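This one's a predicted model, so the numbers in the text were calculated from it and none came from an experiment. Below, read A as the first sequence line, B as the second, and so on, with proteins coming before strands; counting in each chain starts at 1.
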Amino acid sequence: MSQWSAAPAPFARRLLTVLGIDELGVYRVLRVADVETPEPRPGQFAMLATAERWGGGEDERPYLPRAFSIARRRIGESHFLLEDVGPGTRRLCELREGDGLWALGPLGRGFQPPRPRHRAILVGGGVGIAPLAILQDALEAEAATDVTVLLGFRDGARAQGAALLHGARVATDDGSVGHHGLLTELLSQELYRDSRAEVYACGPAPMLEAVRAMCATRDVPAQLALEAGMACGFGACYGCAVPKRGGGYLRVCVDGPVIDARELDCVSEHAGAPS
Amino acid sequence: MSQWSAAPAPFARRLLTVLGIDELGVYRVLRVADVETPEPRPGQFAMLATAERWGGGEDERPYLPRAFSIARRRIGESHFLLEDVGPGTRRLCELREGDGLWALGPLGRGFQPPRPRHRAILVGGGVGIAPLAILQDALEAEAATDVTVLLGFRDGARAQGAALLHGARVATDDGSVGHHGLLTELLSQELYRDSRAEVYACGPAPMLEAVRAMCATRDVPAQLALEAGMACGFGACYGCAVPKRGGGYLRVCVDGPVIDARELDCVSEHAGAPS
Amino acid sequence: MSHGVEFCGLSLAHPVINGSGTFDAIAARRAFGPALERDFPFAAYVSKTITLAARAGNPAPRLWEAPGGLINSIGLPNNGLDGYIAEDLAQLAELPVPLITNVMGSTAEEFSALVGACDQRPEIAAIELNVSCPNVKTGLDIGADPQQLAQVVGACRASTRKPLIVKLTPNAANVPACAAAAQDGGADAVSLINTLRAMALSPQEGGERRPWLGGGTGGLSGPAIRAVALAQVAAVAARVSIPVVGMGGVQRSSHARDLIDAGATLVAVGTETFRDPATGARVAAGLRALRRTGEGFPTA
Amino acid sequence: MSHGVEFCGLSLAHPVINGSGTFDAIAARRAFGPALERDFPFAAYVSKTITLAARAGNPAPRLWEAPGGLINSIGLPNNGLDGYIAEDLAQLAELPVPLITNVMGSTAEEFSALVGACDQRPEIAAIELNVSCPNVKTGLDIGADPQQLAQVVGACRASTRKPLIVKLTPNAANVPACAAAAQDGGADAVSLINTLRAMALSPQEGGERRPWLGGGTGGLSGPAIRAVALAQVAAVAARVSIPVVGMGGVQRSSHARDLIDAGATLVAVGTETFRDPATGARVAAGLRALRRTGEGFPTA
Ligand SMILES: Cc1cc2nc3c(=O)[nH]c(=O)nc-3n(C[C@H](O)[C@H](O)[C@H](O)COP(=O)(O)OP(=O)(O)OC[C@H]3O[C@@H](n4cnc5c(N)ncnc54)[C@H](O)[C@@H]3O)c2cc1C
Ligand SMILES: Cc1cc2nc3c(=O)[nH]c(=O)nc-3n(C[C@H](O)[C@H](O)[C@H](O)COP(=O)(O)OP(=O)(O)OC[C@H]3O[C@@H](n4cnc5c(N)ncnc54)[C@H](O)[C@@H]3O)c2cc1C
Ligand SMILES: Cc1cc2nc3c(=O)[nH]c(=O)nc-3n(C[C@H](O)[C@H](O)[C@H](O)COP(=O)(O)O)c2cc1C
Ligand SMILES: Cc1cc2nc3c(=O)[nH]c(=O)nc-3n(C[C@H](O)[C@H](O)[C@H](O)COP(=O)(O)O)c2cc1C
Ligand code: FES
Ligand code: FES
């Protein structure tokens, strides 16, 4: 089975063991032992919850599991990139070696490989860089595609996350690292240089919307990894809806999270990564 | 102010710091730094909750604080005797040095001192020995009273709790330590030997009821430290009701926990310590 | 900027009061001494429910801890109207805040007798009607049927000129319609929500399972009902023009702020007071701080 | 000892099914592959609510995490009756368990049209009526008014001989009376509880606070409502002679056991399935173990 096709997820959440948690600027990289999980497709995600202390925080949250892109696979290991933005991510960031983690996945539709002789431009903002790491691994394993990586961050502490991928051009809002300005300015340069490209983007909603609009104008195919509040991750709750072009809604968890940009009129405010 | 009169409790729960937790057979002795608390009267209790991880267990419990007898006071310290019988006591037993503890108290009516020239017989069952420890301290500080201590436990691991008091005669259900049989058999012997006594009892409901009945028959005054499920501990919820003689109910938290045995027709099944 | 609030002609120092039956000021005086009056956490004090005849309350156990909440089956123990007036009133009158007396009857006549008696007492600033008592004929709560409710409130209105607050039952199909009926009957304010009907089975092993609570069923309160309370308060506030007292699961000032934003004039705290008797003061202080920062709502 | 259970003439392998709208077997087939059929967790499969016309559902956001529960404002997205029959039915018929189709109309006529269409389809083993839709005239849920409910159920009864299950609304003053009305109207079973009306305000800073959910209000499910469900199931089971499907906050077999002890024949799991799709199988296995040990109830 190629790395672009996904095997079904095991039909129950599983208890995994934490191998370690590494700092990466303000982010954490969570490594878990994960031997039985079918190989995920780049862009797929898992629903995670700590085995202990899930619940009982302020306002008795978290209660439901949380969705995280599978950021990387190593033999017998899965890696996740975490940013502490609320009670669920906080608990996950507090995991230590040997702790238990509930995981369901891999879930969702991942990225499609680029057409032959097209450059892949990976555009990631903030913690949204996570699925681009495993995507870069996959693209480089095939060696057939030129890969350009553009990553944007709010500040220098976040920009350290860029180390998750390699060879990235970085932009920061505060100019502390790399280009001082918007990620889409870098993308614009890249598309100007050579528009035979396919764009793979994940990040905050305003960034995704800017990417979508730019690619639409220039007729460049774009695959957007969306986010949405999720209760289940496998199509059961219909909670993760985002409006689709022509009316109606997509379920981010089963119709996505990777969506062809042409399926959207715009990226709605709730459909992006924490910024 | 004598050790038999109680100062009011501070009108808010306070965050205390755990100094340590010691094993005592199956029990734990929790020591907390507690400088500002007014000196408790023997028999008073506090409502406790851990600062972290209260809530979020199986069935999202514990939620409300739990009641614990103040087992001992040392300068600037309060000690509690804990038995892990459910989600709240489990979390408290898991506390470590430096952890935070919410405490409200001292609460409730404590023991009355014995009349002059009366022997005090302290009768404790299981974790119900806790308030008798501080009572023994108080009686011995006055040196005017002869104190006899009778403690009963289910098994040898529990009987190690007897070390909380000194000079105790011990009974165990399984005969592994001390007298093989019921605590009330020891009490009966003591009352036979010299019935100019006052009985102070705390323990499981059947034990308290046996003590009550025996003392009623022999016309020996008895003070029973009752227990009940409590939501507040200060008379607000009316949840801790136990039937009183002549109809109606007492609130264990404000009318007790120490009740003159003559106020009860019998000790109801929910009014004792975990057994 | 003043934090005071006008409520039915009463000038209150802040918008936080207690839920009826969740704070016994007389017992608290015993437990906390003079600090009770010095640091009194509520801007008005609501008594527990008083009935015509004295009641002992329900058999034990009366409490069950539920996910995110508490089920109680207390059964309205109280000294009865005469006992309340003879024994409790003088002590409650010493509190530094206005006294709201909560009463319950099982008929319009009982209600108006209770209200008439309270009307005579200068210590009582306002009267709250607890209409959650099941009607013997319909089995419904008296307050669940708008027509019956309007009639009960009308009878009470005729018995007093003091402010009348109707505490709605949440166990109704259409709470806003009940609120409107209370307003039509002459209520000066409505309060909600009371507890949701709930039940627990005894965890005992083996044999026949029986209800844990001595009263069979009980009422659910606390965080678990907060979102239900917010929905009912918003719907009621949108429907009536009289002030609304919102309650249900308030633990922090942000929860109180939600209720106020949904249209409540006052907020009451109940169950959280059991965890910390100073909750009311903490919530009031938090609301004051929110005001100072220009109505900004602090996110975690 | 067999763990099977008879329900309205259907022989089910165990007493655990899913709550309508909380498990999409078609999407789950995509996520979990053939394991879905092999390890299918439910003894019967209940479809999400189908309406006559297709519905897109409510705007985002549709979810809010509440203490001990979840508020959803999904808005019943579905392909409409025709789409359901043309597209979904063949796939659902492949499931290894009987199919119960849940339908909702806003009038008795709509209901009976939906039921009549389902009656024609051999793939459908039973029909569940979702009567939680607000009536345009009264504002009440159709199912909150016993008279109206009996009439709707009567119309549906005339349109089918398949088993009819009425899913009661919990937002009613007297749920047992509604259950009795359903029985009088010809229902073969009742199911409860549906979600409790609830609301959340957006945590956004500054400015006007607005409801978080795209649909304004939503429904509360999960552990927070478990004790409310148990009370309603017990009250309903005491009132009617037809079988009861109990649900609301079931997470473990002990919760299912509580509902069964309170009188339910079947138990449904909803929200907990979101946390673990195998919840139904786990609950069923737990019930089986409880049975083997002679009905003993394991305490923690
Ligand atoms: C497919 C997918 C992949 C993702 N990948 C990653 C990843 O690789 N790394 C990563 O760090 N994150 C990732 N996320 C985002 C991550 O799931 C969220 O950051 C996480 O769910 C936040 O949970 P929390 O409990 O920490 O904070 P929450 O407080 O639950 O969430 C923060 C936001 O949720 C909203 N919110 C606040 N309160 C509530 C409430 N009570 N109920 C509902 N919503 C509320 C607010 O908008 C708030 O800003 C991904 C999300 C999706 C859908
Ligand atoms: C005045 C007083 C003094 C006390 N002193 C001490 C002491 O010094 N040391 C000590 O160890 N203990 C003491 N206790 C007892 C202690 O308070 C209880 O053991 C404690 O509350 C148990 O809490 P838990 O969460 O561990 O277990 P829980 O599960 O809360 O309590 C155990 C019992 O509560 C009941 N129960 C089970 N589930 C529920 C539920 N959902 N809701 C309500 N009740 C339920 C059952 O009867 C169960 O056996 C005292 C109690 C009182 C009132
Ligand atoms: C133990 C307890 C006793 C109560 N007694 C009364 C009462 O006597 N009269 C009344 O109107 N409401 C009574 N209530 C309801 C509360 O006033 C309040 O409406 C409800 O608990 C919701 O608020 P909370 O979630 O903040 O507790 C009682 C609630 C509890 C928990
Ligand atoms: C996301 C979600 C969607 C639901 N959709 C439906 C539905 O379409 N039709 C219906 O009758 N009930 C629906 N329900 C209600 C459930 O079937 C069930 O009655 C309720 O959630 C209580 O059970 P639980 O606490 O186990 O979730 C839905 C519940 C949730 C949480
Ligand atoms: S998260 Fe439940 S359907 Fe997408
Ligand atoms: S515990 Fe609340 S009144 Fe006693």
S.K.: Once rounded to the nearest 0.5 Å, what's the spacing between atom CG of D:Asp141 and atom CG of C:Asn174?
M.R.: 9.5 Å
S.K.: Below 4.5 Å, heavy-atom pairs only: which of C:Gly218, C:Ala172, C:Gly249 has the largest tally toward chain D?
M.R.: C:Ala172
S.K.: Is there any residue in residues 225-234 of chain D with a non-hydrogen atom under 4.5 Å from a non-hydrogen atom of chain C, and which ones are they?
M.R.: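 When heavy atoms of chain C are the reference, residues 225-234 of chain D contributes D:Arg226, D:Ala227, D:Val228, D:Leu230, D:Ala231, D:Ala234 within the under-4.5 Å range.
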S.K.: Sorted by first residue and then second, give each salt bridge (Lys or Arg N to Asp or Glu O under 4.0 Å) pair with at least one member in residues 240-253 of chain C; sequence neighbours left out.
M.R.: A:Glu58-C:Arg252, A:Asp59-C:Arg252
S.K.: Rounded to the nearest 0.5 Å, how far apart are CG of C:Leu201 and CG of D:Asp258?
M.R.: 4.5 Å
S.K.: Could you tell me which residues satisfy side-chain hydrogen bond (donor to acceptor under 3.5 Å, both in side chains) with C:Glu110, sequence neighbours excluded, listed by chain and number?
M.R.: C:Ser106
S.K.: Taking 4.5 Å as the heavy-atom cut-off, does anything in residues 65-73 of chain C contact chain D, and if so which residues?
M.R.: C:Pro67, C:Ile71
